[in-house]
Amino acid sequence: MAIVLPKLSRRRPSPGLAAETQPAVSVTLCREDGRYEGGHALTATWRVSRVAIDTLSAIEISVLWYSEGKGDMDLCVHHFRRLDEEQIRRSGLADEQSLKCLLPATPLSYHGRLMRINWCVRMR
């Protein structure tokens, strides 16, 4: 499980808020070991907490891979879901939301000397 304190837009209240009152995003993946194979499902649950529902204009959640190291960074979004204000109000923030997608066979995660390919779940 990952709990992240996100960077907020300029719409947020004063920047002097304590960490306990800042919005938080939690994502829980279906496998504790973090190992996933191509052709198999990735299932996760996520939740946004400590934020008023009327301050959100949208929530985007995606599964993607990106490369880093020598040369240009590549990024490819494999799965994408966007909830607009209406959908956020309907589903609410109190309950955990789910994400499920079938992972492709390639590219595989790779951690070499000159470059890396990483998979991640990203929320914005």
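Between the CZ atom in R31 and the NE2 atom in H40 there is a gap of 9.0 Å [rounded to 0.5 Å]. Taken to the nearest 0.5 Å, the OG atom of S98 stands 7.0 Å off from the CZ atom of R81. The distance from atom OG1 of T45 to atom CG of L99, rounded to the nearest 0.5 Å, is 9.5 Å. Between the NZ atom in K100 and the SG atom in C30 there is a gap of 9.0 Å [rounded to 0.5 Å]. Atoms CD1 and CG, from I117 and L108 in turn, are 8.0 Å apart once rounded to the nearest 0.5 Å. For the atom pair L56 CG and R89 CZ, the distance stands at 9.0 Å (nearest 0.5 Å).
Minimum interatomic distance between G39 and L102 (heavy atoms only, all atoms of both residues): O-CD1, 3.1 Å. The shortest heavy-atom contact between M123 and W46 is CE-CE3, 3.2 Å. Of all heavy-atom pairs spanning Q97 and G92, the tightest one is NE2-O, 3.6 Å. Shown here for R47 and L93, the closest heavy-atom pair between the two residues is CG-O, 3.7 Å. Shortest non-hydrogen contact noted between Y66 and M73 is CB-CE, 3.8 Å. Residue H79 comes nearest to V77 through the heavy atom pair O-CG1, 3.5 Å, listed as atom of the first residue, atom of the second, then distance.
Heavy atoms of other residues, nucleotides or ligands lying less than 6.0 angstrom from CZ of R122 number more than 12. Summarising the local packing, CZ of R116 is surrounded by 12 or fewer heavy atoms from other residues, nucleotides or ligands at distances under 6.0 Å.
Between the side chain of S67 and the main chain of D74, a donor-acceptor pair closer than 3.5 Å is present.
Using a 4.5 Å cut-off between side-chain heavy atoms of Ile, Leu, Val, Met, Phe, Trp and Tyr, with links allowed through other members, I61 and I53 fall into the same hydrophobic cluster. When hydrophobic clusters are built by joining Ile, Leu, Val, Met, Phe, Trp and Tyr residues whose side-chain heavy atoms come closer than 4.5 Å, directly or via intermediates, F80 is not grouped with I88. Hydrophobic clustering (side-chain heavy atoms under 4.5 Å, transitive across Ile, Leu, Val, Met, Phe, Trp, Tyr) keeps L64 apart from V121.
In this structure the side chain of L103 reaches within 4.5 angstrom of the side chain of V63, judged on heavy atoms. At least one side-chain heavy atom of N118 sits less than 4.5 Å from a side-chain heavy atom of H111. Side chains of R82 and E60 form a contact here, defined as non-hydrogen atoms less than 4.5 Å apart.
Between W65 and W119, the ring planes lie tilted relative to each other; the angle falls in the 30° to 60° range.
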